**Student:** 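Can you read through this structure? Questions will come right after.
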Amino acid sequence: MPELPEVEVVRRGLHEHVAGRTVAAVEVLHPRAIRRHLPGAADFAVRLTGQTLRAARRRGKYLWVDLSGGDAMLAHLGMSGQMLVQPVGAPDEKHLRVRVRFADDGPELRFVDQRTFGGLALAEIVEVDGTPLPRPVAHIARDPMDPAFDADAAVAALRRRRTEVKRALLDQTLVSGVGNIYADEALWRARLHGLRATDKLGRAKAAELLAHAAQVMHEALGEGGTSFDALYVNVNGQSGYFDRSLAVYGREDEPCRRCGTPVRREPFMNRSSYSCPRCQPRPRG
DNA sequence: AGGCAGTCCTGGTAGC
DNA sequence: TGCTACCAGGACTGCC
């Protein structure tokens, strides 16, 4: 499941392989993949054609490519989305949703997505807090890797919430980029149970938690950034090149790496949370 | 207005 | 073997 580090790997790959190239043709093979582009698939294709792609950018789990015309091509990978750069004529992937061909007849850009939670759209750029953002991203908070990320402000925002700490970590309007995997990893490092109340969390503990979230994502990026083929811009939840370093996520009944207690799995928001019963005691009540 | 349940989607797997 | 049920989960929608 692509979270911030995986999306950053894709951003770097896009920047390297498509920046500076001009779009010659766009083919939308599945309408759901451009459902966030309200004017529809035909409009998406027409407006993207002829544009030159500029810098690839990211905030949290959203990424986009600036267009010569001033707008941006926005992408969210959802759960299973991939951006592939493939030679023209390479066989279509089973879940190929959008194909972008370039005027230089070089490798084409493909958006492939099995579960179609992700998608592409064209969006207007607006300025938020001094930073240009595609309009659909305007409400997304800065992520911990943003040079302008304000840790003190994020801690304050987190503690203002009246909810459970894991819910808050996953709230992209507080801090962006953290998904279920890195939330569980950060909570384990901070020795906090995800059901702890945010408004009863001390300032120092909240700051520690956010620092752990930033650190675990940074480490994952260090692993993922070196493991993808230069000609194959790819992030794939199933490939799991970050799995080796996970302490709790997906490790039910396996020993906690700190104390050896079997890791537990608990239902959480129609999915799962993983934690150590000893290091992360469940709050009372 | 903030919090939160419900919804979208498909491949893999467990269970019968 | 072949069916059904369930699980993965990010982010938006709409309700309270």
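As the structure is a prediction and not an experimental result, all values here were calculated from the model. Sequence lines set the chain letters: A, B, ... in the order given, protein chains first and strands last, and positions in each chain run from 1.
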**Student:** In whole Å, what is the span from the CZ atom of A/Arg32 to the P atom of B/dC9?
**Tutor:**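 To the nearest whole Å, that distance equals 5 Å.
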**Student:** Will you find, in the side chains of A/Thr198 and A/Thr163, an N or O donor that is under 3.5 Å from an N or O acceptor?
**Tutor:**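 On atom types as modelled, these side chains do not qualify, holding no pair under 3.5 Å.
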**Student:** Could you tell me the separation between the CZ atom of A/Arg115 and the C1' atom of B/dG11, rounded to a whole number of Å?
**Tutor:** 7 Å
**Student:** Can you pull out how bent the helix from B/dG2-C/dC16 to B/dC16-C/dG2 is, comparing the axes over its first five and last five pairs, to 10°?
**Tutor:**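 Inter-axis angle at the ends, rounded: 50°.
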**Student:** Give a yes or no on whether A/Arg258 atom CZ has more than 12 heavy-atom contacts from other residues, nucleotides or ligands under 6.0 Å away.
**Tutor:** yes
**Student:** Using 0.5 Å steps for rounding, measure from the CZ atom of A/Arg99 to the CG atom of A/Leu84.
**Tutor:**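 Separation between the atoms: 11.5 Å.
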**Student:** A/Arg265 side chain N/O closer than 4.0 Å to the phosphate oxygens (OP1, OP2) of C/dA8?
**Tutor:**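 Yes, within the criterion.
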**Student:** Let me know, please, whether A/Arg35 or A/Arg161 comes out on the 5' side of the other along DNA chain B by nearest nucleotide.
**Tutor:** A/Arg161
**Student:** Can you tell me the distance, in whole Å, between the NE2 atom of A/His95 and the C1' atom of B/dC9?
**Tutor:** 11 Å
**Student:** Rounded to whole Å, how long is the line connecting atom CZ of A/Phe268 with atom P of C/dA8?
**Tutor:** 13 Å
**Student:** In whole Å, I'd like the distance from the NE2 atom of A/His30 to the P atom of B/dC9.
**Tutor:** 8 Å
**Student:** Go through the side-chain N and O atoms of A/Gln114 and A/Gln82 and say whether any donor and acceptor fall under 3.5 Å apart.
**Tutor:** no
**Student:** Using whole Å, report how far CD of A/Glu164 lies from C1' of B/dG3.
**Tutor:** 11 Å
**Student:** Can you tell me which nucleotide in B/dA5, C/dG10, B/dG3 comes closest to the side chain of A/Arg167?
**Tutor:** B/dA5
**Student:** Going by distance alone, is a donor N or O of one side chain under 3.5 Å from an acceptor N or O of the other, for A/Asp171 and A/Thr173?
**Tutor:**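 The answer is yes; a qualifying pair exists.
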**Student:** A/Thr163 side chain N/O closer than 4.0 Å to the phosphate oxygens (OP1, OP2) of B/dC4?
**Tutor:**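 Looking at the OP1 and OP2 atoms of B/dC4, one of them is under 4.0 Å from a side-chain N or O of A/Thr163.
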**Student:** Do nucleotides 11-16 of chain C as a string where each nucleotide becomes B, S or -: B if the base has a protein heavy atom under 4.0 Å, S if just the sugar-phosphate does, - if no protein is that close.
**Tutor:** SS----
**Student:** Report the residue (A/Arg160 or A/Asn270) whose heavy-atom-nearest nucleotide on DNA chain B is the more 5′ of the two.
**Tutor:** A/Arg160
**Student:** With rounding to the nearest 0.5 Å, note down the distance linking CG in A/Asn180 to CE in A/Met79.
**Tutor:** 9.5 Å
**Student:** Taking CD from A/Gln114 and P from B/dT13, how many angstroms apart are they, rounded to a whole number?
**Tutor:** 12 Å
**Student:** Rounded to whole Å, how long is the line connecting atom CZ of A/Phe117 with atom P of B/dC8?
**Tutor:**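 That distance rounds to 10 Å.
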**Student:** Which of these, A/Val18, A/Val88, A/Val85, sits in a side-chain contact (heavy atoms from CB on, under 4.5 Å) with A/Pro107?
**Tutor:** A/Val85
**Student:** Could you grab the distance from atom CG of A/Leu246 to atom CG of A/Asp184, nearest 0.5 Å is fine?
**Tutor:**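 Separation between the atoms: 9.5 Å.
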**Student:** Hey, is A/Asp129 close enough to A/Arg142 for a salt bridge, meaning N to O under 4.0 Å?
**Tutor:**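 A salt bridge links A/Asp129 with A/Arg142.
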**Student:** Less than 4.0 angstrom between a side-chain N/O of A/Ser80 and OP1 or OP2 of B/dC9, yes or no?
**Tutor:**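 A/Ser80 to B/dC9 OP1/OP2: no side-chain N or O under 4.0 Å.
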